[in-house]
Amino acid sequence: MFDLQARLKMHDEIQIKGTAFKKKYSSVKFNPLVTCNHNSYYLGFHKIYNIFAEPVNAPVDNQGGLYVDGQFVVPGNNSFGHSFRDYEKESERKATVEEFYRINHINQTYQFANKKKGEYGKLQKRVMSIWECCELLNEFVDESDPDLDEPQIEHLLQTAEAIRRDYPDEDWLHLTALIHDLGKVLLHPGFGGDPQWCVVGDTFPLGCAFDESIVHHQYFKQNPDSNNPALNTKLGIYSENCGLDKVTMSWGHDMYMYLVAKANKTTLPPAGLFIIRFHSFYAMHKSGAYKYLMNDEDQEMLKWLHVFNKYDLYSKSKVLVNQEEVKPYYLSLIEKYFPAKLRW
Ligand SMILES: O[C@H]1[C@H](O)[C@@H](O)[C@H](O)[C@@H](O)[C@H]1O
Ligand SMILES: [Fe+2]
Ligand SMILES: [Fe+2]
């Protein structure tokens with residue numbers, strides 16, 4: 001065990017895989033075993049409270065650096081040099097992402113989401129394994145994502161590998177991470193090639209008022225549900241604390257993958273299913289909106305979703321995982337929690 005503070009007083013700089021980091025603030029003891037995965041740095045340690053360090057050669061306006069938050073070292077910036085989920089910042093992704101949300105917010109209505117759920121809920125599109133589905137995602141880049149322009153399979157592996165390092169014993173969490181975005185297969189021509197606006201992006205409840213914390217909220221003005229008095233009040237068609245299970249969410253990859261996992265009788269625990277179903281519901285898990293729709297069980301499950309979200313968001317990077325190397329491990333998890341072939 002080393003006392004990082006004392007070491008930094010002596011050296012004022014630490015080397016992490018060849019990059020020099022300057023300590024800004026820290027108050028912690030830990031075992032400074034460091035491994036590097038993409039632009040995230042993982043520290044092997046026992047107790048950790050708070051560290052903020054920044055790369056020595058960082059540009060002046062670089063807010064990035066090394067945040068230690070619980071166990072995960074969260075990078076300050078995404079691979080485009082901006083903070084994560086900044087929808088206002090001028091960037092090469094901004095226009096595409098905003099246009100995505102404009103169309104999404106206009107077209108996701110209560111009726112539309114229920115129609116899609118009925119259609120895809122029949123699971124008559126294909127029979128295939130989980131890994132086959134991962135491979136189908138090789139070709140898609142998510143237009144709603146300001147932080148990543150790599151094919152989706154990379155994101156799945158980056159998320160799963162990052163969470164696996166910090167929670168080595170929770171194998172269900174590794175598998176949940178691997179499959180959480182598989183619903184994006186709806187984009188595939190073999191599934192009808194749905195447009196991006198009804199597959200990806202943040203999700204939100206339908207049947208009640210749209211909360212202002214939803215990304216690009218302004219575009220809901222043109223959604224027909226906004227003018228429907230039965231659907232545009234705080235509770236709308238729902239009753240107080242009815243539970244998220246009763247709520248119709250905007251249609252997309254979360255709900256589809258949840259339906260697939262459920263219908264194929266996965267043995268993943270309820271927390272895994274909750275993560276899959278609501279990971280894009282940022283207004284709820286990030287902004288704390290819609291509490292009045294949640295029940296006690298949702299609140300309990302939310303704890304795991306918070307853990308998961310950190311890895312889903314901050315593991316996005318340009319350095320890719322070696323697929324062949326990790327494949328056998330994930331195949332063994334798939335075998336443990338799913339049948340060999342699933343109906344999709
Ligand atoms: O752009 C992203 C992406 O589509 C993710 O898969 C989804 O879960 C997020 O909510 C969204 O912001
Ligand atoms: Fe997602
Ligand atoms: Fe994701």
Side-chain angles (χ1 to χ4, degrees), residues 38 40 72 78-80 82-89 91-105 108 133-134 137 140-164 173-188 194-205 211 213-217 219 249-261 272-287 289-290 304-317 320-321:
H38 327 325
S40 308
F72 184 59
N78 64 20
S79 15
F80 304 97
H82 309 307
S83 42
F84 284 82
R85 287 181 62 85
D86 185 342
Y87 291 89
E88 298 308 323
K89 182 91 184 171
S91 86
E92 54 197 272
R93 307 270 310 144
K94 183 172 185 279
T96 312
V97 174
E98 183 161 349
E99 180 56 12
F100 164 88
Y101 276 111
R102 191 181 70 81
I103 311 224
N104 169 280
H105 289 0
Q108 288 274 358
C133 185
C134 292
L137 291 187
F140 299 112
V141 173
D142 183 330
E143 286 174 12
S144 70
D145 197 335
D147 303 316
L148 185 76
D149 62 357
E150 294 296 335
Q152 283 299 305
I153 188 162
E154 303 298 346
H155 167 58
L156 298 179
L157 291 169
Q158 287 178 340
T159 312
E161 283 290 284
I163 213 161
R164 180 181 168 195
L173 204 49
H174 315 164
L175 183 60
T176 300
L178 182 81
I179 67 171
H180 78 281
D181 273 340
L182 283 189
K184 291 180 187 174
V185 73
L186 292 176
L187 295 169
H188 200 275
D194 275 356
Q196 296 245 353
W197 67 263
C198 57
V199 178
V200 301
D202 288 2
T203 57
F204 38 84
D211 190 85
S213 63
I214 301 168
V215 172
H216 290 306
H217 173 268
Y219 294 120
M249 297 294 294
S250 54
W251 176 254
H253 64 285
D254 297 42
M255 189 58 189
Y256 177 59
M257 190 57 210
Y258 169 75
L259 292 175
V260 169
L273 288 167
F274 187 88
I275 289 170
I276 293 168
R277 189 173 181 181
F278 297 112
H279 74 269
S280 303
F281 190 5
Y282 273 80
M284 182 268 295
H285 66 73
K286 181 91 180 175
S287 310
Y290 296 105
W304 279 112
L305 180 50
H306 280 148
V307 168
F308 168 81
N309 177 248
K310 210 157 50 164
Y311 299 89
D312 184 15
L313 189 55
Y314 297 110
S315 67
K316 292 173 185 173
S317 107
L320 310 177
V321 174

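This one's a predicted model, so the numbers in the text were calculated from it and none came from an experiment. In each ligand, atom 1 is the first atom listed, and ligand 1 is the first ligand listed. Throughout, residue positions are numbered sequentially from 1 according to the sequence presented.
Heavy-atom contacts of Tyr87 reach the following atoms of ligand 1: 12 (O) (cutoff under 4.0 Å). Heavy-atom contacts of His279 reach the following atoms of ligand 1: 8 (O) (cutoff under 4.0 Å). Residue His253 has at least one heavy-atom neighbour below 4.0 Å for each of these atoms of ligand 1: 6 (O), 7 (C), 8 (O).
Of all the heavy atoms of Asp181, the ones lying under 4.0 Å from any atom of ligand 1 belong exclusively to the side chain. Contacts with ligand 1 closer than 4.0 Å are made by no heavy atom of Phe100, backbone or side chain. With a heavy-atom cut-off of 4.0 Å, Asp145 touches ligand 1 through backbone and side chain alike. With a 4.0 Å heavy-atom cut-off, ligand 1 is reached by no atom of Phe281.
Residue, atom and distance of the protein heavy atom nearest to atom 9 (C) of ligand 1 are Asp202 OD1, 3.5 Å. Looking at atom 3 (C) of ligand 1, its nearest protein heavy atom turns out to be Asp142 OD2, 3.1 Å. What sits closest to atom 2 (C) of ligand 1 on the protein, heavy atoms only, is Ser144 OG, 3.6 Å. For atom 6 (O) of ligand 1, the nearest non-hydrogen atom of the protein is Lys184 NZ, 2.7 Å. Nearest non-hydrogen protein atom to atom 7 (C) of ligand 1 is Ser280 OG, 3.2 Å.
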side-chain contact (heavy atoms from CB on, under 4.5 Å), that's the test. Do Asp202 and Asn104 meet it? Break it down for me. CA-CA 10 Å; Asp202 288 2; Asn104 169 280; over 6 Å; no

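Of all heavy-atom pairs between Val141 and Gln196, the closest is O-NE2, 3.0 Å.
Residues Asn78 and Lys316 are not in side-chain contact: their nearest non-hydrogen atoms beyond the backbone lie 4.5 Å or more apart. The shortest distance between side-chain heavy atoms of Tyr256 and Val199 does not fall below 4.5 Å. Residues Gln108 and Trp197 have side chains in contact (heavy-atom distance under 4.5 Å, counting atoms from C-beta outward). Considering only heavy atoms from C-beta on, Tyr101 stays 4.5 Å or farther from Ile214 through its side chain.
Using bins of under 30°, 30° to 60° and over 60° for the plane-to-plane angle, the ring pair Tyr87/His216 lands in the perpendicular bin. Note on ring orientation: taking the six-membered ring where Trp is involved, the planes of His180 and Phe308 are perpendicular (angle over 60°, cut-offs 30° and 60°).
Ligand 1 lies less than 4.0 angstrom from a heavy atom belonging to Tyr101. Within the 4.0 Å heavy-atom shell around ligand 1 one does not find His180.
Of all N/O/S atoms in His253, NE2 sits nearest the Fe ion (ligand 2). The atom name of the N/O/S atom in Asp312 closest to the Fe ion (ligand 3) is OD1.
Rounded to 10°, the angle that NE2 of His180 and OD2 of Asp181 form at the Fe ion (ligand 3) is 90°.
Across Glu150, Lys184, His155, a single residue satisfies side chain to side chain contact (heavy atoms under 4.5 Å, CB included) together with Asp142, and that is Lys184. Remark: of the listed residues Asp181, Asn309, Thr203, Asp181 is the sole one forming a side chain to side chain contact (heavy atoms under 4.5 Å, CB included) with His279.
Between Arg85 and ligand 1, an N or O atom pair is found at a separation short of 3.5 Å. In terms of N/O distances under 3.5 Å, ligand 1 is approached by Gly201.
With 2.8 Å as the limit, His279 does not count as an N, O or S neighbour of the Fe ion (ligand 3).
The distance from the CD atom of Gln152 to the CG atom of Leu187 is 8.0 Å, given to the nearest 0.5 Å.
For Lys286, the NZ atom is loosely surrounded, since the number of other residues' heavy atoms within 6.0 Å does not exceed 12.
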